[in-house]
Number of protein chains: 2
Amino acid sequence: MRIGEVAAKAGVSVRALRYYEQQGLLHSTRNPGGQRQYPAGAVERVRTIQRLYSAGLPSRTIREILPFADSGEASPELLELLAAERDRLDRQMTDLRDARNRLDDCITEARRQGPHRPCLPAGALNGEEAVQRQAPTPVQ
Amino acid sequence: MRIGEVAAKAGVSVRALRYYEQQGLLHSTRNPGGQRQYPAGAVERVRTIQRLYSAGLPSRTIREILPFADSGEASPELLELLAAERDRLDRQMTDLRDARNRLDDCITEARRQGPHRPCLPAGALNGEEAVQRQAPTPVQ
DNA sequence: CTTGCACCTGACGTCGGCGTCAGGTTTTAG
DNA sequence: CTAAAACCTGACGCCGACGTCAGGTGCAAG
């Protein structure tokens, strides 16, 4: 496959694919004319890269993870890296879930025409003391 | 409180607080000398701002959400915005959970000295066909 | 009063993940 | 064969969330 086809199938821009290659995330061979050639699996690999990016991993972390994804073997250092990233994802998920639930509370509360109980800790604006909202935030 | 104390208590930089003010996220009064004065609740407000940032919201979205957090009232447009952001968070959470589980699979698999089953769809590098991994990804 | 830290306002730098333009080559369709 | 489409390599632009530096002011202590 050539680069345009890969880009279309993976739903990313041609520019992004060249960028991935520059970052060492995606490899290609060249045909006699100098154009990039990709195997079929490249599309799935690009999707994986996209997922990892959208998980907030920087490209250098992805670069360290991907070779392992290829071989299925992990050095102890890589295991540490993976565990650290997994923990980071856990923390971020908790934050996201929390934020989501707060927003969700806001929405349902407001739809119910409920009273004006503030949904997020706002912080006093005019010298008022902070509201002690220790609500039992519904996690999960 | 002055800006340095707020920054220390909220665990952010002084620069960040001034930036938040510039973005309309955090307000302050000024003392006769021109220095910023914050009420006690500002610390909690800054933490909220940080959470929303870490949830991936851009400052203009946060700016639209915070007034609602203050008043507890929501216009229909704001409700739409909140719902959209909530849905975005849902999607991102799904992605994160997926990535996390993949990494977790990798780790436990490797710790078990398991065989070299690739944990992430790698994409063939040398013209090999892509591995059809339709694993029953353990979500949740 | 002076020292010294905290604070002020610009303003420029940075970094990641690309978009985009310029100027040239290769491949494909007719 | 030729035009158009796809591709190539730089290289600069952008945006957001600050870091950082410069040059000046406020404030509390000895």
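Chain identifiers are assigned alphabetically (A, B, ...) following the order of the sequence lines, protein sequences preceding nucleic acid strands; residue numbering begins at 1 within each chain.
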Practice item. Report the distance from atom OG1 of T48(A) to atom CG of L26(A), rounding to the nearest 0.5 Å. Key: 11.0 Å
**Study point:** Q22(A) side, atom CD; R18(A) side, atom CZ - distance, nearest 0.5 Å
**Key:** 10.5 Å
Check your understanding: Got Q50(A) and Y20(A) here, is their nearest side-chain heavy-atom distance under 4.5 Å?
Key -> yes
Check your understanding: Expressed in angstrom and rounded to an integer, what is the separation of L52(B) atom CG from dA17(D) atom C1'?
Key -> 15 Å
Revision key, fill the gap. The contact string for nucleotides 18-30 of chain C, one letter per nucleotide 5' to 3', using protein heavy atoms under 4.0 Å with B, S and - for base, sugar-phosphate only and none, comes out as BBB-----SSS--
Check your understanding: CD/E5(A) to OH/Y38(A) distance, rounded to the nearest 0.5 angstrom?
Key -> 12.0 Å
Exercise for review: Round to a whole Å and report the spacing from OH of Y38(B) to P of dA6(C).
Suggested key: 16 Å
Check your understanding: Atom CE of M1(B) to atom P of dC7(C): distance rounded to whole Å?
Key -> 10 Å
Point to revise | Shortest non-hydrogen separation from L25(A) to R45(A) and the atoms involved | key: O-NE, 2.9 Å
Exercise for review: Residues of residues 3-12 of chain A with any non-hydrogen atom less than 4.0 angstrom from an atom of DNA chain D: list those, numerically ordered, please.
Suggested key: I3(A), G4(A)
Practice item. May I ask you to verify if any side-chain N or O of R18(B) is less than 4.0 angstrom from the OP1 or OP2 atom of dA6(C)? Key: no
Review point. Under 3.5 Å, is there a donor-acceptor pair linking the side chains of E21(A) and S28(A)?
Key: yes
Check your understanding: dC7(D) phosphate, OP1 or OP2: any side-chain N/O from R36(A) under 4.0 angstrom?
Key -> no
Study note, to complete from the structure: The reported gap from CG in D90(A) to CD in E85(A) (rounded to nearest 0.5 angstrom) is 11.5 Å
Point to revise | Distance-minimising heavy-atom pair for I49(B) and I62(B) | key: O-CD1, 4.1 Å
Check your understanding: Under 4.0 angstrom, heavy atoms only, what part of the nucleic acid is R60(B) near: base, sugar-phosphate, or nothing?
Key -> nothing
Check your understanding: Under 4.0 Å: is that the gap between some side-chain N or O of S59(B) and OP1 or OP2 of dG16(D)?
Key -> no
